Amino acid sequence: MKRPLLPILVCLIWVLLAIVGPWLSLDPNHIHLQSILQPPGSASFLGFDDLGRPILDRLILGARTSLLVSVWVVGLSAVTGILIGTLTAYIGGWLDLVVVRVIDVFMAFPGILLAIALAGIMGPGINNVVIALSVVGWVGFARQARALTLSVKERDHVAAAVSMGTGTPRIILRHLLPLISAPLIVEATFGIAAVIISEAGLSFLGLGVQPPEASWGSMIRDGARYMLVSPHMVLAPGLALMLVVLSVNLLGDWLRDVMDSRLRQAGSDTC
Amino acid sequence: MLRFLLYRLFSTLLVVFGVSVMVFLLIHMVPGDPVDMMLGESARPADREALRHALGLDLSLWVQFSQFMSGLVRGDLGVSIHSNRPVSELLLERAPATIELALAALLISVVIALPMGVLAAVRRNTLWDKGAMAFSLLGVSMPNFWLGPLLILIFSVGLGWFPVSGREYTGSLVLPAITLGTALAAVLSRMVRSSLLEVLGEDFVRTARAKGLPERIVIWKHALLNALLPVITLLGLQLGVLLGGAVITETVFSWPGLGKLTIDAILRRDYPVVQGTILVISVTYVVVNMLTDMVYGIVDPRIRLGNPK
Amino acid sequence: MIARFLFVLLLAVPLLFSQGCSQPDSNIIRFGLSSSPLRLDPRFATDATSSRLNRLLYERLTDFDDASRAIPSLANWQQLSPLRYRFVLRPNRRSFNNGERLTSADVKTTYDFVLNKKNASPHRSSLVLIKYVRIIDPDTIEFELNHADALFPSYLVIGIVSEKAVQRGVNLDQHPAGSGPFTMRDWPEEGRLQLQRRRDKQVFEFVHIGDSTVRTLKLLRGEIDILQNDLPRELVNKLRQDDSVRVANRTGSNFSYLGFNFLQPQFADRRVRQAVMHAIDRKSLVRYVLGGKTRVAESILPPEHWAGNDAIKAYRFDPGQSRALLKQAGYDAEHPLRMSYKTSSDPFRIRIATIIQQQLADVGIKVELVSYDWATFYGDIKAGRFQLYSLSWVGIKSPDILRYVFHSKAVPPDGANRGHYNNPLVDRLIERAEREADMDKRAQLYRELLIILHDDLPYIPLWYEEHFSIVRKNIKGYQLTADGSYDYLSEVSRQN
């Protein structure tokens, strides 16, 4: 795949809007009762929602939510998962057996179901969403990190470092991680896309953000209620969500192709 | 061979036990007092104690757990707080709807993904291929809680072809199944394509072509069957995603299945039901995976003969 | 080639499943409900839907006129002394749905059951003044009271159940045994209740459809014939434009309000409560978000109520005044007033709550919105676990609601004074009114009381919601009542 310009552009816009959002003169929570459900037009680019709030502004607020949640969740899951995965693969023994079983048990739950159950039990709110999704997300990273570490830990320079007496943490950080980081970065990218959808899903079910905060998922839910009279309310956040997730996925695809071709060039024997 | 099967069975049982433990912990680590939530009716301390005793909440966590496990083995999953009916009864009542939905989604996704994947592989790098991959990407990126309302907007509200929600008519199944099946079709078509591509490059295919067999037979009879093996394993894994996706799809369409039951129970703090549904769904997933693994193991000689990867 | 074949196959699949013209049985008239009835046993039912359906299934001794004064329903009464009332059942009354005659034994059984503490009937608290129920003859009953209350007849609104059914151990929730104009025909699944009108055997089906969009679509397609309330105003406006249905609306008496928790120190200061009151723009809310016939409310009893006060001066929407009051009470930008606002998970309530949250934010009050499913929410409210909450009182008839809600001794479980409001002046007025035998004087006392409550603001009065009905054009005879009951279903017929 050649350079994916459009996806990168979309992602940049998303991140930019999310970060800069609070400083723009937006009005996402300001209720104008007179503008309730007005369709897109001169007053507002994307129209107003059922409380007279401008949808474009709320969309930008939602972008912030999705960025924050996805970065936090992927960050937490990746750090936890990779740490556990590499450690247990490297150390091996009964620790490895136990951890593998634990991972199996976690993987026995359809991910989104566990997240929904956790978020439902802990109560609504964006913090609980982050926790719930992280509890579900670390497993994927752990599993992959473990598999990668297993395939790499017999390599020559690792063996050399071991025989030199280097401590385990150093081996992991300096020797193992750089080798396995590429596929993990790809995984993290796809992870971001998955978390964006999951957070939106939880918010759609009412378990995520609480009013007046905005999330694309809760906007879709509110919009679906007015589908008969104001379809613009459900179309806008859905399109935004789809565009961003698509772009992130395309980015991930491209990264994977890049990593693959690099590996092929290097002529290594990893899978 | 037998050893492999037994090992698989044993590890599955272990996982099922682990799942039960997790579900139990999940429910019992709830912040807030379940008794408060259940009694609501401004309860006096005496009533509280009575209910706590009746629910066995005054026992130690260990005892509660063993009671839970023994009930599980007997098929007793407790009683719903909201409707006062046994959880197992509720599960049996709602399961058919979800099974119906899942099977329909599976059917639709196979019907879409198989031809699409084959076409993409056979006419590689043409418009067919690009189109199929684009559809696949789209399907993975479109959340089913948006696809659902979108389909409703177009096909129910706009064209009036299908009912908006519920499970009353034969046609009620279509939109929910399409919604649920699309994501699966997206993943599946990719898998079919790459698996078929791999197989098409192998020796026995070249041999078949050299023998002069028509291309159609080469692809459909020889290549595809072999390509389908990894696809079947994928299906087993994707079942989990399907079941998870069913939760949201059932909510969007008010489809009276296990998914909607789970969500309603979670929102209503009906913990016995939450416990029951999560357990059942997880165990189903685990068992299906075990079966898929076993089938794969029986069919794939590499595993059967214990080839270390 | 294969591609083409498969393409055709794909097209055929949805057509196979296409919704046929499986039109429901056209002899059944279908009523769409937004919430399912919970209990068909009138001795226990408290939610609005159940109560409304029970009015169709059972009859009661007394009922109310438009000014909420007690009028005879099943029986006429005579006050023999301040403590004794005699009720004589109407001679031409309906029999029970099983054919048996309704007698005073059934009345006694019903009321004895409710009065019995062991049965935990939620209606007991309004009837504790009954000392004894005495059967004089099959058509005559006497009630003896512990203390005098001129409003006593208006408390006797519980549906009369069949004594024989109760003796046989019938579960009235599943098999209601009443003498009302309707009987229960079938209840195959939770969301579909079938009642049958006794005089002409017309069957009515009450279908529970939670989603407002689905309810609207079903009505437009003729799968449902009647809808009442519980739709966002925008959907109603859209329905007005459709030729196949008729929309009607009228003023209502259901009272929406915000409740304060007086155990929270910030609300003990009246200036704070007044600040909240002035910050809410009720007129705009009513104008833009609620229906056309919704009225801004100033007190729990509507002005047309016989004990209502139509001369109460409305609170003005005045954010400036709010800010001034808050400042006096010691709040400012650095130390803003904070509160949590609890509501149920009903999207309409959340919508209103979000607007109010914004209006309060405009005067510097920081509000956190907390929404729970109904059961958790209601439990929290009854247990006093809240700071500010929003709810409505549905079906207020008798002014004894004032004691039930505002008397200092009426804290749950002895009443509905969930906020622990305590005002000795209010207590005294309530007690004085209860002892007053002259109805005019009593009304005057209530009017004074309503003014005091208006000043003291234990509740923030919001509005009296309108009632609206949307009926398919070929359905005749349905009318709305002031409290949103379904009584006119006894007159409804389908004309083709």
Side-chain angles (χ1 to χ4, degrees), chain A residues 26-39 47-55 57-58 61 116 119-128 202-215 217-235, chain C residues 210-221 230-242 280-290 317 340-362 366-373 376 380:
Chain A
L26 296 176
D27 237 2
N29 291 330
H30 206 90
I31 295 176
H32 303 116
L33 290 178
Q34 299 89 318
S35 314
I36 287 184
L37 288 183
Q38 262 176 35
F48 293 87
D49 69 1
D50 63 329
L51 284 173
R53 297 175 295 197
I55 291 185
D57 298 16
R58 286 189 72 73
L61 197 66
I116 291 173
I121 289 170
M122 285 190 290
I126 211 67
N127 296 330
N128 290 343
L202 285 174
S203 294
F204 174 82
L205 292 169
L207 295 167
V209 290
Q210 297 298 294
E213 297 303 315
S215 151
S218 63
M219 286 174 76
I220 292 179
R221 179 168 78 154
D222 293 337
R225 230 178 293 128
Y226 294 93
M227 213 177 355
L228 281 182
V229 285
S230 307
H232 69 274
M233 210 178 139
V234 75
L235 288 173
Chain C
D211 183 74
S212 45
T213 303
V214 180
R215 245 179 290 137
T216 309
L217 282 171
K218 283 194 183 261
L219 183 72
L220 286 173
R221 297 226 277 234
D230 298 318
L231 283 182
R233 154 213 181 102
E234 292 81 16
L235 276 180
V236 177
N237 286 337
K238 181 181 159 76
L239 284 166
R240 258 184 240 273
Q241 296 160 14
D242 193 292
I280 302 179
D281 186 358
R282 296 172 299 165
K283 277 214 189 112
S284 289
L285 267 161
V286 167
R287 182 163 165 212
Y288 292 109
V289 183
L290 297 160
F317 168 54
S340 76
Y341 176 150
K342 232 176 218 184
T343 177
S344 71
S345 53
D346 179 346
F348 182 64
R349 299 282 165 219
I350 295 182
R351 189 179 177 193
I352 302 280
T354 312
I355 299 177
I356 293 182
Q357 179 190 42
Q358 175 66 46
Q359 291 178 342
L360 291 177
D362 286 344
K366 307 260 178 264
V367 174
E368 184 204 349
L369 262 185
V370 184
S371 74
Y372 286 126
D373 63 288
T376 314
D380 279 354

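Bear in mind that the values here come from a model prediction, so they are computed numbers and not experimental data. Each chain gets a letter, A, B and so on, in the order the sequences are listed, and its residues count up from 1.
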Proximity breakdown for A/Asp222 and chain C, heavy-atom pairs closer than 4.5 Å: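 Looking at A/Asp222, nothing touches chain C.
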
Under 4.5 Å from any heavy atom of chain C - which part of A/Leu37: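 Contact with chain C involves the side chain of A/Leu37 alone.
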
C/Leu235 side, atom CG; A/Tyr226 side, atom OH - distance, nearest 0.5 Å: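 With rounding to 0.5 Å, CG (C/Leu235) is 8.0 Å from OH (A/Tyr226).
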
Nearest-0.5 Å distance that lies between atom NE2 in A/His32 and atom OG in C/Ser284: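 So the NE2 of A/His32 and the OG of C/Ser284 are separated by 12.5 Å.
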
Grab the two heavy atoms, one from [X] and one from [Y], that are nearest each other, plus how far apart they are.
X	Y	answer
A/Asn29	C/Gln358	O-OE1, 2.8 Å
C/Leu217	A/Leu228	CD2-CD2, 3.8 Å
A/Arg53	C/Thr354	NH1-CG2, 3.8 Å

Atom CZ of C/Arg240: over 12 foreign heavy atoms under 6.0 Å: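 It does: C/Arg240 CZ has more than 12 such atoms within range.
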
Step-by-step side chain to side chain contact (heavy atoms under 4.5 Å, CB included) determination, C/Ile350 to A/Gln210: CA-CA 10 Å; C/Ile350 295 182; A/Gln210 297 298 294; over 6 Å; no

Per-residue contact mode, C/Asn237 against chain A (heavy atom under 4.5 angstrom):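 For C/Asn237, there is no contact with chain A at all, as no heavy atom is under 4.5 Å.
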
Side chain / backbone / both / neither for C/Gln357 at chain A, heavy atoms under 4.5 Å: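 For C/Gln357, the contact with chain A is made by the side chain alone.
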
Closest-packed option against chain A by number of heavy-atom pairs under 4.5 Å, given C/Ile355, C/Thr213, C/Asp362: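 Highest number of pairs under 4.5 Å: C/Ile355.
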
From CA spacing to verdict: side chain to side chain contact (heavy atoms under 4.5 Å, CB included), C/Arg233, A/Ile36: CA-CA 11 Å; C/Arg233 154 213 181 102; A/Ile36 287 184; over 6 Å; no

